[in-house]
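Each remark here refers to the structure printed beneath this line.
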Amino acid sequence: MPANLPPEYFEVEKTLRQARTAEEKIAIMEKLLSIIPRHKGTEKLVALYRSKIARLKEEIEQRPATRKGPLFRIEKSGAGQVIVIGPPNAGKSALIQALTGVEVEVADFPFTTRMAAPYMMPFENIKIQLIDTPPITADYLESWLVEMVKMAEAVLVVLDASSPDSSAQLETIINRLQEKKVELVPGETIIPPEKFPFVKRTLLVLNKSDLRGAGTLLEELDILFGKKLDRLPVSASTTEGLETLRRLVFDLLQIVRVYSKVPGKKPDYESPFILKKGSNIMDLARQVHKDFAERLSYTRVWNKQGTINGLRVTRDYLLNDEDTVELHL
Ligand SMILES: Nc1nc2c(ncn2[C@@H]2O[C@H](COP(=O)(O)OP(=O)(O)OP(=O)(O)O)[C@@H](O)[C@H]2O)c(=O)[nH]1
Ligand SMILES: [Mg+2]
């Protein structure tokens, strides 16, 4: 076993033993690959998982046609992957179009979207991947869609705020996912790594808030679900609430952007390092360069607010969003 594997690796690795389907195993191995630091000592391990994943994919390919679904997995890209789900006709595709500026198939009849597809949403200086999906109903939930939810970092459930059916539809979605052992939780929840596929930070997006009767859904959700999940009224048509939505999607990811700078030079604000919230200087050093962590002598930090200015910090200093860091070797 190579040295220097972070504790998170072992937590996630444990869940591999409980995984039953090929899809679940792939999801967990992909997660492991994203955790394993890349250096000489881990090359074999990385290769091992890659070949296992390839074999499992072949196994899926060779299943009888009745069990084979469409592509169930979308390569992650950008600062995080957020899956957009919901009942038919809620405006999932329209919302993605409004957030990304990319044309998406939108129509005033249900089941317009048949396949999952990725889109990139700009947020300030980063991009977040949004996945458009087919609708979920009481008798329609693609099994590959469940696998995709398990792999995403966070979930948006889009509801039609003007429809009287929305709260019942939300309940259906929550229950159908629960049957598949996937639980939707509020955005601030800390999820232990071993629960990653089964517990998803979620925001309810109440779309079509431009239409009559849109206000009543908020009250209804309060009565039926309490404050269990966070909610935000928006309109894909008028773009109302979309700027707030971008920020909340970023918050759901629980990541921080860190700018690394060379002494005497300005930092590059266009390409921040993306780290999980709770990461420290050592985590950053490992990401910047594989030898940095060992060779690091001291570090200076500046924060966005301007209250910390070139402060010398220790290796366990917790990074905040938009900190600028100067690593000295
Ligand atoms: N008034 C209003 N109409 C909207 C809004 N967002 C979407 N729509 C309309 O709602 C209908 C459905 O939109 P879609 O984006 O196709 O909905 P969807 O959730 O992707 O639907 P499926 O792919 O069938 O699951 C279309 O006629 C949209 O023009 C909105 O914010 N306000
Ligand atoms: Mg759609």
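Position 1 is the first residue of the sequence; numbering continues from there. Given the structure is predicted, the values throughout are model-derived calculations rather than measurements. Just follow the structure's listing: the first ligand is 1, and inside any ligand the first atom is 1.
Under the side chain to side chain contact (heavy atoms under 4.5 Å, CB included) test applied with I174, the options L170, L177, T172 reduce to a single match, L170.
Inter-residue side-chain proximity for V325 and F273 is flagged as unmet; no heavy-atom pair is nearer than 4.5 Å. With contacts defined as side-chain heavy-atom distances shorter than 4.5 Å, the pair L32/L16 qualifies.
For the salt bridge (Lys or Arg N to Asp or Glu O under 4.0 Å) condition, the pairs that include at least one residue of residues 31-41, sequence neighbours left out, are K40-E43.
Both tests hold for R312 against Y298: distance to the six-membered ring centre under 6.0 Å, angle to the ring axis within 45°. Within the cation-pi definition used here (under 6.0 Å to the ring centroid, within 45° of the axis), R257 does not qualify as a partner of Y269.
For D323, there are no side chain to side chain donor-acceptor pair (under 3.5 Å) partners two or more places apart in sequence or in a different chain.
Around NZ of K261, the count of heavy atoms belonging to other residues, nucleotides or ligands within 6.0 Å exceeds 12.
Note on the Mg ion (ligand 2): protein N/O/S atoms under 2.8 Å are S93 OG, T113 OG1.
If you look at ligand 1, the protein residues with a non-hydrogen atom under 4.0 Å away are P88, N89, A90, G91, K92, S93, A94, V106, A107, D108, F109, P110, F111, T112, T113, P135, N207, K208, D210, L211, S235, A236, S237.
A side-chain donor-acceptor contact under 3.5 Å links K200 to the backbone of K150.
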